[in-house]
Amino acid sequence: MYLKDEVRQTLKDRIIRALKKAIDEKVIVAETIPDFYLEVPQDPGHGDFAANIAMLMAREAKMPPRKIGELIAANIDTSDTPVDRVEVAGPGFINFYLKPTWANVVIFDILTKGRDYGRQELGGGRKIQVEFVSANPTGPMHMGNARGAALGDALSSILKLSGYDVTKEFYINDAGNQIENFGLSLEARYLELLGQEGHIPEGGYHGEDIKDHMRNLIAEEGNRFLHMDSPSRRAYFIEYALKKNIQRMKDDLENFGVYFDIWFSEQSLHDTGKVNEVINLLKQKGCTYEKDGALWFTASEFGGDKDEVLIRTNGLPTYFASDIAYHKDKFDRGFDRVIDIWGADHHGHVARVKGALKALGYDPDRLTVILMQLVRLYRNGEIARMSKRTGRTVTLADIVEEVGRDAARFFFNMRGADTHLDFDLDLAIKQSDENPVYYVQYAHARICSILRQASEQGISLPEIESIPLASKDKYALLLTEKSEIDLIKKLADFPGEIRLAAENLSPYRITNYCMELSSVFHSFYNSCRVLTDDKDLTNARLLLVTAVRQVLRNAFAILGISAPERM
RNA sequence: GCGCCCGUAGCUCAGCAGGAUAGAGCAACGGACUUCUAAUCCGUAGGUCAGAGGUUCGAAUCCCCUCGGGCGCGCCA
């Protein structure tokens, strides 16, 4: 357990003991002890921890909360704790004031654990799958995919650190109507490029990339497909272009620092018969019926708005059908929990898939869908449209190239998934103080600079293991400046931030944490010199900034941004 | 029409397992580099938390309604 949780738990225990004592002595009348909590007050004047138990008990105890608070405070035993004093304030908060240096030992915990500082066992090794990006392979990835990539990758890192066995998966939508249209569009361009008439169908793809594929194909294989029958050559074109598109997605994501454990093909679900299998299963369970020549799933009986088509009149299964098979397959592969990250425009799909899982006998609560609101891209103060079909779009690769991996990943994780994200290209590109990513990286670079300086002066940090306990205490107790104390407390917050980010599936918490930690570090930097004539103080502060550097690195690793040593 | 998301400082947003006086960055204004990187810091100013009601000792936070913005409601994915 981490320092802060330990202290919190201790104080909680002592409060409960004090309350029980008061109840035994009949100064407080109560049957139950409410589920109270100890929070860190926003205002440091209210102590280091505050308990809200007195207010929660007021009703049952028929006593003013302040009175209850005072009775608990009077009975509390704070021996063997870092508590300096206890006060009751406001409506009845019990405020704990700790010895200012109570958290200082956290520095040694950080330096000992290194990159594992923050790791914890919330997940108990349970298997969890995060499926994200899953872009259509019919063209380049857009801004929404970029946001999903940054979000999903950071979330996966957080869950890994929290003790889950995480699998990152990309679902390739290489089946269905869009692939048909893809093939028709490729064919049309092929014919046009060879001087014949081609027609791109309704819902087809007009992008330049389609032409590029066919230009390349013609360069490689000439006009030999002109005389092939249309379905055969389309199949060939599709395979040819799909393979290249998928490889390109892999490359683009790699440039973005995002790697997947599994690339899962939708087509494979059809090829292995799993789609038919799941449709039959639903039939057996009596959850289907035929109408207007199509096969329907009774989604409305499982929480959906209306029933949904599984097999179209033309005999082909819908995307919905393969998605049911896909999600069944996920659970059959042994995942305890599955997280999907989808664009908000797919939200109507959530109830349907969950309904189908329920119909199949799976607990739909094991599936969590994070709906990501769409990204609005601004350039020169104007909204930049992004439609894959028009070909005039800003792609994920463009973003990485234009604003850089670090700024892009940081920007996408500055907000929760459910907020509309305005991505200001001009701001992200700017290498100035307006750009928040530099603020956090600068903190890291500054620390590296101090350590370089120290090394040049022949000052070397002792190995953590070789520092005797007494010296650790000595160093820790030397750090008493307000900015030092603030910085140390912020370091102690890190494991709790990881936990919250994991519980709420909110990577943006880590981004915010980076800003806060950097902020208190910069304040410290401006008020305290690290390298001084005082050898012990210098050592103590070197240990402190080294710990800050470690935590920054750990947080950057989650977000997938680099930790530059110089800027 | 129905459903989902959002509405907090001039701008972009934190804060939303209910807690004490609502925060940060940018923009504005005033200060700080003979000292480890000024991509920094310190200070000032800036608010009917969209609006109305309800629950509560206590509401930006939870519930209901209204308004405004976005997105869905396909035999597309």
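Predicted, not measured: the structure shown is a model, and the values here were computed from it. Below, chain A is the first sequence line, B the second, and so on; all start at residue 1.
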Can you say whether the rings of A:Tyr171 and A:Tyr326 are parallel (under 30°), tilted (30 to 60°) or perpendicular (over 60°)? parallel
For the pair A:Phe524 and A:Phe521, name the ring-plane relationship: parallel under 30°, tilted 30 to 60°, perpendicular over 60°. tilted
Round to the nearest Å and state the distance from [X] atom [atom1] to [N] atom [atom2].
{"X": "A:Glu308", "N": "B:C75", "atom1": "CD", "atom2": "P", "result": "8 Å"}
{"X": "A:Phe320", "N": "B:C73", "atom1": "CZ", "atom2": "C1'", "result": "15 Å"}
{"X": "A:Glu60", "N": "B:U56", "atom1": "CD", "atom2": "P", "result": "17 Å"}
{"X": "A:Phe49", "N": "B:A20", "atom1": "CZ", "atom2": "C1'", "result": "17 Å"}
{"X": "A:Glu39", "N": "B:A20", "atom1": "CD", "atom2": "C1'", "result": "9 Å"}
{"X": "A:His444", "N": "B:A39", "atom1": "NE2", "atom2": "P", "result": "18 Å"}
{"X": "A:Asn52", "N": "B:U56", "atom1": "CG", "atom2": "C1'", "result": "14 Å"}
{"X": "A:Lys291", "N": "B:G74", "atom1": "NZ", "atom2": "C1'", "result": "13 Å"}

Pairing residues for [X] by the side chain to side chain donor-acceptor pair (under 3.5 Å) criterion, not counting sequence neighbours:
{"X": "A:Ser265", "result": "A:Asp174"}
{"X": "A:Tyr513", "result": "none"}
{"X": "A:Arg509", "result": "none"}
{"X": "A:Glu484", "result": "A:Arg541"}

Which nucleotide in the set [options] lies at the smallest distance from any side-chain heavy atom of [X]?
{"X": "A:His347", "options": "B:A20, B:C71, B:C75", "value": "B:C71"}
{"X": "A:Tyr439", "options": "B:C71, B:C41, B:A39", "value": "B:C41"}
{"X": "A:Asp345", "options": "B:G72, B:A77, B:A20", "value": "B:G72"}
{"X": "A:Met567", "options": "B:A39, B:C73, B:C41", "value": "B:A39"}
{"X": "A:Arg529", "options": "B:A77, B:C36, B:C75", "value": "B:C36"}

Start with the C-alpha distance between A:Glu169 and A:Lys330, add both sets of side-chain angles, then the distance that settles salt bridge (Lys or Arg N to Asp or Glu O under 4.0 Å), and finish with yes or no. CA-CA 10 Å; A:Glu169 186 155 316; A:Lys330 290 185 182 197; 5.6 Å; no
Centroid under 5.5 Å and tilt under 30°, A:Phe93 to B:A20: yes
Should A:His346 be counted as stacked on B:G72, where stacking needs a ring-centre gap under 5.5 Å and an angle between planes under 30 degrees? no
Using the [atom1] atom on both, measure [N] against [M] and round to a whole Å.
{"N": "B:G47", "M": "B:G31", "atom1": "C1'", "value": "26 Å"}
{"N": "B:U40", "M": "B:C33", "atom1": "C1'", "value": "10 Å"}
{"N": "B:C63", "M": "B:C26", "atom1": "P", "value": "35 Å"}
{"N": "B:A45", "M": "B:G23", "atom1": "P", "value": "13 Å"}
{"N": "B:C49", "M": "B:A39", "atom1": "P", "value": "38 Å"}
{"N": "B:A9", "M": "B:C4", "atom1": "P", "value": "26 Å"}

Would you mind telling me which residue lines up with the more 5' stretch of RNA chain B, A:Ala58 or A:Gln373, judged by nearest nucleotide? A:Gln373
Specify the residue among A:Glu565 and A:Pro317 whose closest nucleotide of RNA chain B lies further upstream toward the 5′ end. A:Glu565
Please set out all donor-acceptor pairs under 3.5 angstrom arising from side-chain atoms of residues 295-306 of chain A, sequence neighbours excluded.
| from | atom 1 | to | atom 2 | distance (Å) |
| --- | --- | --- | --- | --- |
| A:Trp296 | NE1 | A:Lys291 | O | 3.2 |
| A:Thr298 | OG1 | A:Cys287 | O | 3.3 |
| A:Ser300 | OG | A:Asp307 | OD1 | 2.6 |
| A:Lys306 | NZ | A:Glu308 | OE2 | 3.2 |

Would a line drawn from the ring center of A:Trp342 to the ring center of A:His347 be shorter than 6.0 Å? no
Are any protein N/O atoms closer than 3.5 Å to N/O atoms in nucleotides 13-17 of chain B? If there are, list each pair with its distance.
| from | atom 1 | to | atom 2 | distance (Å) |
| --- | --- | --- | --- | --- |
| B:C13 | OP1 | A:His420 | O | 3.4 |
| B:C13 | O2' | A:Arg415 | NH1 | 3.1 |
| B:A14 | O2' | A:Asn512 | ND2 | 3.1 |
| B:G15 | OP1 | A:Tyr508 | OH | 2.4 |

For a quick test of reading the model: is some side-chain N or O of [X] closer than 4.0 Å to OP1 or OP2 of [N]?
{"X": "A:Arg312", "N": "B:C76", "answer": "yes"}
{"X": "A:Arg59", "N": "B:C57", "answer": "yes"}
{"X": "A:Asn526", "N": "B:C41", "answer": "no"}
{"X": "A:Tyr525", "N": "B:A32", "answer": "no"}

Would a 4.5 Å heavy-atom cut-off, applied to side chains only, mark A:Val88 and A:Asn95 as touching? no
Have a look at A:Asn181 and say if it touches a base, only the backbone sugar-phosphate, or nothing, with a 4.0 Å heavy-atom cut-off. nothing
Give one of base, sugar-phosphate or nothing for A:Ala445, where a contact means two heavy atoms less than 4.0 Å apart. base
Annotated structure of RNA chain B as dot-bracket, pair cut-off 3.5 Å, Watson-Crick or G-U only, | for inter-strand, is (((((((..((((.....[...)))).(((((.......))))).....((.((..]....)).)))))))))....
For A:Tyr508, side-chain contact (heavy atoms from CB on, under 4.5 Å) partners two or more places apart: A:Ser506, A:Asn512
Once side-chain contact (heavy atoms from CB on, under 4.5 Å) is applied, do any residues pair with A:Arg234, and if so which ones, sequence neighbours excluded? A:Glu180, A:Leu184, A:Glu187, A:Ser230
For a quick check, with a 4.0 angstrom heavy-atom cut-off, what is the B/S/- contact string for nucleotides 42-47 of chain B, read 5' to 3'? S-----
Pairs of donor and acceptor atoms involving the side chains of residues 47-63 of chain A, under 3.5 Å and at least two apart or interchain, shall be tabulated with distances.
| from | atom 1 | to | atom 2 | distance (Å) |
| --- | --- | --- | --- | --- |
| A:Asp48 | OD1 | A:Lys489 | NZ | 2.9 |
| A:Asp48 | OD2 | A:Leu98 | N | 2.7 |
| A:Asn52 | OD1 | A:Tyr37 | N | 3.0 |
| A:Glu60 | OE1 | A:Thr32 | OG1 | 3.1 |
| A:Glu60 | OE2 | A:Glu31 | N | 2.7 |

Tell me the salt bridge (Lys or Arg N to Asp or Glu O under 4.0 Å) pairs involving residues 524-540 of chain A, sequence neighbours left out? A:Lys474-A:Asp536
Base B:G72 paired with A:His349 side chain (donor-acceptor, <3.5 Å): no
